[in-house]
Undergrad: 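Mind looking over this structure? Questions follow.
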Amino acid sequence: MSFNDPTEEQLAAFAVLRTAGPVHMLNMVRFRERAAYPDGRDATGAEAYRLYMREAAPAFQRVGARQGWHGAFVQTLIGPADERWDVVFVAEYPSADAFLAMLEDPSYRAALPHRRAAVLDSRLIRLSPT
């Protein structure tokens, strides 16, 4: 099973968990070899994801978010041996409301088709900095 977008239930659970202070989001993304654009345009998954990141960046910055950590996946030591990730990073948002505002930003929403075309599987895990 692949995961690309949050369900309505997952978003609702995120929205009601209103904690003070920053929210960190652990992102783990696996690309499709070839992007799956509905219009058939040709690109690799990595190319489509780079386009998503470039087009989503203004909304990300408008809500005061930043990328706090970025790393290269090497190996799964505990977990499914066949699980691998092309991109792993932690994004920091000033608050849960800032994250939700980004999701509603028109420029962010316009960038989402590139993410959907690019991503074969992903995990987005909410963390609380300690």
Side-chain angles (χ1 to χ4, degrees):
M1 176 180 236
S2 294
F3 297 91
N4 200 326
D5 291 312
T7 66
E8 291 298 321
E9 294 81 15
Q10 289 168 322
L11 279 175
F14 182 95
V16 298
L17 186 59
R18 295 278 205 260
T19 55
V23 171
H24 291 183
M25 300 295 283
L26 171 62
N27 292 257
M28 298 184 291
V29 181
R30 183 177 328 143
F31 301 137
R32 300 175 195 276
E33 187 173 319
R34 304 301 307 169
Y37 282 107
D39 64 6
R41 92 181 79 166
D42 188 38
T44 67
E47 290 167 340
Y49 196 79
R50 279 192 298 274
L51 192 54
Y52 156 71
M53 293 294 278
R54 185 172 65 233
E55 290 187 11
F60 186 76
Q61 293 165 348
R62 268 194 293 280
V63 300
R66 68 180 189 88
Q67 192 174 77
W69 179 89
H70 187 275
F73 175 83
V74 176
Q75 172 193 21
T76 298
L77 190 59
I78 298 174
D82 62 342
E83 197 168 78
R84 64 167 182 77
W85 305 103
D86 295 308
V87 173
V88 179
F89 64 94
V90 175
E92 180 182 317
Y93 298 84
S95 66
D97 287 337
F99 177 78
L100 293 169
M102 182 191 70
L103 296 183
E104 295 301 320
D105 186 290
S107 66
Y108 179 81
R109 294 180 77 75
L112 281 175
H114 300 298
R115 186 184 191 289
R116 290 182 181 124
V119 175
L120 177 64
D121 197 9
S122 66
R123 303 292 183 272
L124 183 59
I125 300 168
R126 181 178 178 168
L127 307 168
S128 178
T130 57

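Side chains included, hydrogens not; waters and symmetry mates left out as well; all remaining heavy atoms used.
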Undergrad: Give me the atom names and distance for the closest heavy-atom approach of A35 to A48.
TA: CB-CB, 3.8 Å
Undergrad: Identify the heavy atoms of Y37 and A43 that sit nearest to each other, and give their distance.
TA: CE1-CB, 4.3 Å
Undergrad: Could you check if a side-chain atom of M25 sits within less than 4.5 angstrom of a side-chain atom of F14, using non-hydrogen atoms only?
TA: yes
Undergrad: Are any of the side-chain heavy atoms of T44 and F31 separated by less than 4.5 Å?
TA: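 They are not in side-chain contact.
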Undergrad: Between R123 and E83, what is the shortest heavy-atom contact and its length?
TA: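 Smallest heavy-atom distance, with atoms named: NH2-OE2, 3.7 Å.
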Undergrad: Answer yes or no: is there a donor N or O on one side and an acceptor on the other, between the side chain of R32 and the main chain of A117, under 3.5 Å?
TA: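 Checking the backbone N and O of A117 against the side chain of R32, a donor-acceptor pair under 3.5 Å is found.
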Undergrad: Applying salt bridge (Lys or Arg N to Asp or Glu O under 4.0 Å), name anything that partners R54, two or more places apart in sequence or on another chain.
TA: none
Undergrad: State whether the side chain of R30 and the backbone N or O of R84 hold a donor-acceptor pair below 3.5 Å, judged by distance alone.
TA: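 Looks like yes, one N/O pair under 3.5 Å.
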Undergrad: Rounded to the nearest 0.5 Å, what separates atom CZ in F99 from atom CG in L11?
TA: 7.0 Å
Undergrad: Considering non-hydrogen atoms only, spot the tightest contact between E55 and A110 and give its length.
TA: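 Here E55 and A110 meet closest at OE1-O, 4.1 Å.
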Undergrad: Under a single-linkage definition using a 4.5 Å side-chain heavy-atom cutoff for Ile, Leu, Val, Met, Phe, Trp and Tyr, are L127 and W85 assigned to the same hydrophobic cluster?
TA: yes
Undergrad: Could you tell me which non-hydrogen atom of F89 sits nearest to which non-hydrogen atom of H70, and how far apart they are?
TA: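 Nearest pair, atom of F89 first, then H70: CB-CD2, 3.8 Å.
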Undergrad: Going from CE on M28 to CG on D121, what distance comes out if it is rounded to the nearest 0.5 angstrom?
TA: 9.5 Å
Undergrad: Can you tell me how far apart CD (E47) and CZ (R41) are? Round to the nearest 0.5 Å.
TA: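 With rounding to 0.5 Å, CD (E47) is 12.0 Å from CZ (R41).
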Undergrad: Quick one, W69 and V88 - any side-chain contact, counting heavy atoms below 4.5 Å?
TA: yes
Undergrad: Does some side-chain heavy atom of V119 sit less than 4.5 Å from a side-chain heavy atom of Y49?
TA: yes
Undergrad: Once you round to the nearest 0.5 Å, how far does CZ of R126 lie from CG of L26?
TA: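 Answer for the CZ-CG pair, R126 versus L26, is 14.0 Å.
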Undergrad: Restricting to non-hydrogen atoms, name the atom on Y108 and the atom on A56 that form the minimum distance, rounded to 0.1 Å.
TA: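 Shortest heavy-atom contact: CD1-CB, 3.7 Å.
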Undergrad: Please report the interatomic distance CG(L112) to CG(L103), rounded to the nearest 0.5 Å.
TA: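 CG of L103 is found 8.0 Å from CG of L112.
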Undergrad: Would you call D105 and F60 a side-chain contact if the rule is heavy atoms closer than 4.5 Å?
TA: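 Not in contact.
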Undergrad: So, do D86 and F73 sit near enough that their side-chain heavy atoms are less than 4.5 Å apart?
TA: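 Of all side-chain heavy-atom pairs linking F73 with D86, none is under 4.5 Å.
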Undergrad: With the 4.5 Å side-chain cut-off for hydrophobic clustering, are V23 and V90 part of the same group?
TA: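 No, it is not one cluster - the side chains of V23 and V90 are not joined through contacts under 4.5 Å.
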Undergrad: Quick one, R115 and S122 - any side-chain contact, counting heavy atoms below 4.5 Å?
TA: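 They are in side-chain contact.
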